Amino acid sequence: MEMAERRNQTPITEFILLGFGNGPELQPLLFLVFLMIYFATVAGNILIVLLVVADRHLHTPMYYFLGNLSCLETCYASTILPRMLASLLTGDRTISVKGCLVQLCIFGIMAAIENLLLTAMSYDRYLAICHPLRYAALMNGRVCGQLVAGAWISSFLFCTMVNIFLFQLTFCDSNEIDHFFCDFTPVVKVSCSDTRSVQLVTFIISAIVTLVPCLLTLTSYVCIITTILRIPSTRGRQKAFSTCSSHLIVVIIFYGTLIAVYVAPTTNTPKVLHKLFSVFYTVLTPLINPIIYSLRNKEVKESLRKALLKLAAVRNRHRSVQDNFYLSCGLV
Ligand SMILES: *[C@@H]1O[C@H](CO)[C@@H](O)[C@H](O)[C@H]1NC(C)=O
């Protein structure tokens, strides 16, 4: 009784994110690995955004979506990795309760937008492959912009609804969170308020922003694949498939890991495995997307090649201007 009273008087204001355990010899290694992953993620995604913005050949809805997805991936990785890197470097694993809830919300919003963008991208491929004659009428820059804006706005609205419940929670039992970032389940687990309503609301909203897009994406791909299989020539089939294969791989990785973490029964799977899968969809998907798109997509590859050639040409010109300058000054 006395304990309970004291607890009520001093609600917790700080959490400890246990991360990947205590091993001090492991921290520098993890720091280096995640630092490299973060740099590669940001560099790769920004490169794709620059290519899409700069190359006129990539000014089509499919690449607008890709550019927007890369923008989003940069933000998505930045909600988790910088803080994790800081705590690996300094060994300070505390995070304020407010900071933790903010991270949780931003991550939720980013994940929801990613879901909706991937769905919009598969709808775009569905129109291009299953209704090629009506594609130009149904999908253009304006529709693309509306879909992107819709994804952002609806994700913000949904997450605001969850936040109303989330920010009413109080925390007093334990302040240790056995994860490397503030994810919904481990945070709610340490709350001492009644969490039934927040869990119900979150469940419904996650179903709307995950299950519905996932099913729509699946339906698009069933239509796409049946259409492709009906193309008589092998070359035609290959050509049609090549425009959507990179996107299909990205979708499979994203939903595969998401399902492994949130849908698969968590009671039996060991904590380590759970964290490993979380690393996959929080840290590795944003890294893998630009790699898949730049390796598997002919147009992106071509655009990258041209950009590099241009860069080399600019450098050479610069050098020859410099040589001329030295020559005319009689320095050489
Ligand atoms: C995002 O989508 C909009 C709307 O189509 C487009 O105009 C813009 O260029 C895209 N952004 C990037 C970075 O590709």
Side-chain angles (χ1 to χ4, degrees), residues 14-20 34 37-38 41-42 45 68-88 93-119 151-167 169 171 177-191 195 198-199 201-211 213-214 250 253-263 266 274-289:
E14 260 182 357
F15 287 130
I16 296 171
L17 281 173
L18 294 183
F20 297 98
F34 284 119
I37 291 178
Y38 185 54
T41 305
V42 172
N45 281 301
N68 280 285
L69 185 71
S70 287
C71 263
L72 178 77
E73 299 280 24
T74 313
C75 305
Y76 184 81
S78 301
T79 57
I80 290 173
L81 274 169
R83 215 217 77 87
M84 192 163 110
L85 287 171
S87 97
L88 281 172
R93 296 189 286 177
T94 57
I95 182 170
S96 69
V97 169
K98 282 242 171 64
C100 191
L101 292 181
V102 168
Q103 186 188 46
L104 171 56
C105 295
I106 296 179
F107 176 71
I109 291 175
M110 297 296 154
I113 300 172
E114 169 129 6
N115 259 311
L116 296 174
L117 272 187
L118 287 177
T119 311
W152 280 82
I153 293 169
S154 55
S155 302
F156 269 99
L157 287 181
F158 281 133
C159 291
T160 313
M161 279 195 261
V162 175
N163 289 357
I164 294 171
F165 290 88
L166 213 53
F167 276 90
L169 296 182
F171 299 91
I177 295 180
D178 192 9
H179 209 23
F180 60 90
F181 74 105
C182 291
D183 201 0
F184 181 77
T185 318
V187 168
V188 165
K189 207 192 262 170
V190 296
S191 165
T195 58
V198 68
Q199 274 177 323
V201 170
T202 310
F203 178 77
I204 294 171
I205 288 178
S206 332
I208 296 174
V209 297
T210 311
L211 216 57
C214 185
V250 168
I253 293 175
F254 184 72
Y255 285 115
T257 49
L258 207 66
I259 288 168
V261 171
Y262 290 107
V263 183
T266 47
H274 188 77
K275 279 183 197 169
L276 207 65
F277 278 124
S278 302
V279 167
F280 244 96
Y281 79 88
T282 54
V283 175
L284 294 185
T285 26
L287 171 68
I288 290 171
N289 291 359

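The figures here come from the full heavy-atom set of this structure, side chains too, leaving out hydrogens, waters and symmetry mates. What you are looking at is a predicted structure, and each value in this text was computed from that prediction instead of being measured.
Side chains of Thr41 and Asn289 form no contact here, defined as non-hydrogen atoms less than 4.5 Å apart. Looking at heavy atoms from C-beta onward, Ile37 lies in side-chain contact with Phe34 at the 4.5 angstrom threshold. Leu287 has its side chain out of reach of Val283: every pair of non-hydrogen atoms, C-beta onward, lies at least 4.5 Å apart. Side-chain contact check for Asp178 versus Pro186: every heavy-atom pair is 4.5 Å or farther apart. Under the 4.5 Å side-chain criterion, counting only non-hydrogen atoms from C-beta, Gln199 is not in contact with Phe165.
Taking OG1 of Thr282 as the start and CE of Met110 as the end, the distance is 14.0 Å to the nearest 0.5 Å. Separation of atoms CD1 (Ile113) and CG (Leu118) is listed at 12.0 Å; rounding is to 0.5 Å. For the atom pair OG of Ser191 and CG of Leu166, the computed distance is 9.0 Å after rounding to the nearest 0.5 Å. Atom SG of Cys100 and atom CG of Asp183 lie 9.5 Å apart (nearest 0.5 Å). Here SG of Cys182 is found 7.5 Å from CG of Leu101. Values are rounded to the nearest 0.5 Å. The CD1 atom of Ile208 sits 10.5 Å away from the CZ atom of Phe203 when rounded to the nearest 0.5 Å.
For Phe277, the CZ atom is loosely surrounded, since the number of other residues' heavy atoms within 6.0 Å does not exceed 12. Counted within 6.0 Å of CZ on Phe280, heavy atoms from surrounding residues, nucleotides or ligands total 12 or fewer; the atom is thus considered open.
Residue pairs that meet the side chain to side chain donor-acceptor pair (under 3.5 Å) test with at least one member in residues 100-118, sequence neighbours left out, are Asn115-Tyr255.
In this structure, the side chain of Thr195 does not engage the main chain of Val198 through any donor-acceptor pair within 3.5 Å. A donor-acceptor pair is defined here as one N or O able to donate and one able to accept, closer than 3.5 Å; no such pair exists between the side chain of Lys189 and the backbone of Ile177. Checking side-chain atoms of Arg93 against main-chain N and O of Ile16 turns up no donor-acceptor pair under 3.5 Å.
Every residue two or more places apart in sequence or in another chain that forms a ring pair (Phe, Tyr, Trp, His ring centres under 6.0 Å) with Phe15 is listed here: Phe171.
Ring geometry for Phe156 against Trp152 counts as parallel: the plane angle stays under 30°, on a 0 to 90° scale with 60° as the upper cut.
Minimum interatomic distance between Ser278 and His179 (heavy atoms only, all atoms of both residues): OG-CE1, 3.4 Å. Ile288 approaches Ile253 most closely through the heavy-atom pair CG2-CD1, 3.9 Å. The minimum heavy-atom distance linking Asn45 with Pro286 is given by the pair ND2-O, 3.1 Å.
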Atom pairs and distances, donor-acceptor, side-chain atoms in residues 75-87, under 3.5 Å, two or more places apart:
| from | atom 1 | to | atom 2 | distance (Å) |
| --- | --- | --- | --- | --- |
| Tyr76 | OH | Tyr281 | O | 2.9 |
| Ser78 | OG | Tyr38 | OH | 2.8 |
| Ser78 | OG | Thr74 | O | 2.7 |
| Thr79 | OG1 | Tyr76 | O | 2.8 |
| Arg83 | NH1 | Thr94 | O | 3.3 |
| Ser87 | OG | Met84 | O | 3.4 |

Inset, instruction - With disulfide (SG to SG under 2.5 Å) as the test, would you mind laying out the steps for Cys159 and Cys105 before giving the verdict? - result: CA-CA 7 Å; Cys159 291; Cys105 295; over 6 Å; no
